[in-house]
Amino acid sequence: ISEELQIETAINNSGVKGNLYIGSRNFSATAGKIGVATTTPWASLSVAGLAGQTNPLFVISSSTVSFSTSTAFIVDSNGNTGIGTTSPLARLDVRDSVQVVAAFCGTNAHNTVVIDNLGGASFKSQVSFQAQGTEKWAIGSDINAAGSDNFYIWNATGGRTPLAID
């Protein structure tokens, strides 16, 4: 048997179990489950990190025929998940170069919570509450987009700021 490619099957109490070894990497198929770097997958697709591994566990990227061009989604070796970043700093790290970083809405999109990075030369950011696509209220920092450290609650419907802390 070649050390580069080895296929083994066995019949046990739960049926046929198959393992595919390519080089030092292990891929297994058991009862309709696929395991990468594990011989005991517990989900439809199980990916196990190796001890001391610093490579990402899972990556989805856009690509061309010859190479990956941009990472859209990554789970690093620490379990941090990144969307729009290859180096997530927290369990969920979402980054984007556009204003809306994330939006959470129901099935009819009538009520939405939006995390904005209003950008420009300022550090203005806010969480806004929308109804039927129209901003109603916002909570954020740097209301004047001047790089200040203030905090505000803004009523978008009335165009007023009932609370601002400088």
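Please read all numbers here as calculations on a predicted model, not as lab measurements.
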### Task
Check step by step if side-chain contact (heavy atoms from CB on, under 4.5 Å) holds for Ile60 and Ile74.
CA-CA 6 Å; Ile60 296 175; Ile74 187 170; over 6 Å; no
#### Entry: side-chain contact (heavy atoms from CB on, under 4.5 Å) between Ile139 and Gln126, worked out
CA-CA 5 Å; Ile139 300 170; Gln126 69 181 28; over 6 Å; no
### Query
What are the two closest non-hydrogen atoms of Gly79 and Arg91, and how far apart are they?
C-NH1, 3.4 Å
### Task
Run through Ile83, Asn78, Thr81, Asp93 and flag the one making a side-chain contact (heavy atoms from CB on, under 4.5 Å) with Pro88.
Asp93
### Path from Val94 to Phe58 over hydrophobic side-chain contacts below 4.5 Å
yes
#### Entry: Check: Thr85 side chain, Gly82 main-chain N or O, donor-acceptor pair, under 3.5 Å
no
### Query
Could you state the interatomic distance from OG (Ser128) to CH2 (Trp154), rounded to the nearest 0.5 Å?
9.5 Å
### Same apolar cluster (I L V M F W Y, side chains within < 4.5 Å links), Trp42/Val75
no
### Task
Hey, could you give me the CD1/CG distance between Ile165 and Asn150, rounded to the nearest 0.5 Å?
9.5 Å
### Message
Checking Asn111 against Phe129 for the side-chain contact (heavy atoms from CB on, under 4.5 Å) test, could you report, in this order, the C-alpha distance in whole Å, the side-chain angles of both residues, the deciding distance, and whether it holds?
### Response
CA-CA 7 Å; Asn111 298 308; Phe129 302 89; over 6 Å; no
### Distance-minimising heavy-atom pair for Ala48 and Leu57
C-CD2, 4.3 Å
### Message
Could you check whether any side-chain heavy atom of Ile153 comes within less than 4.5 Å of a side-chain heavy atom of Trp137, counting everything from C-beta outward?
### Response
yes
### Any side-chain heavy-atom pair of Leu45 and Val36 under 4.5 Å
yes
### Message
So Ser141 and Ser125, do their side chains get closer than 4.5 Å, heavy atoms only?
### Response
yes
### Task
First locate atom CD of Glu135, then atom OG1 of Thr157, and finally report the distance between them rounded to the nearest 0.5 Å.
9.0 Å
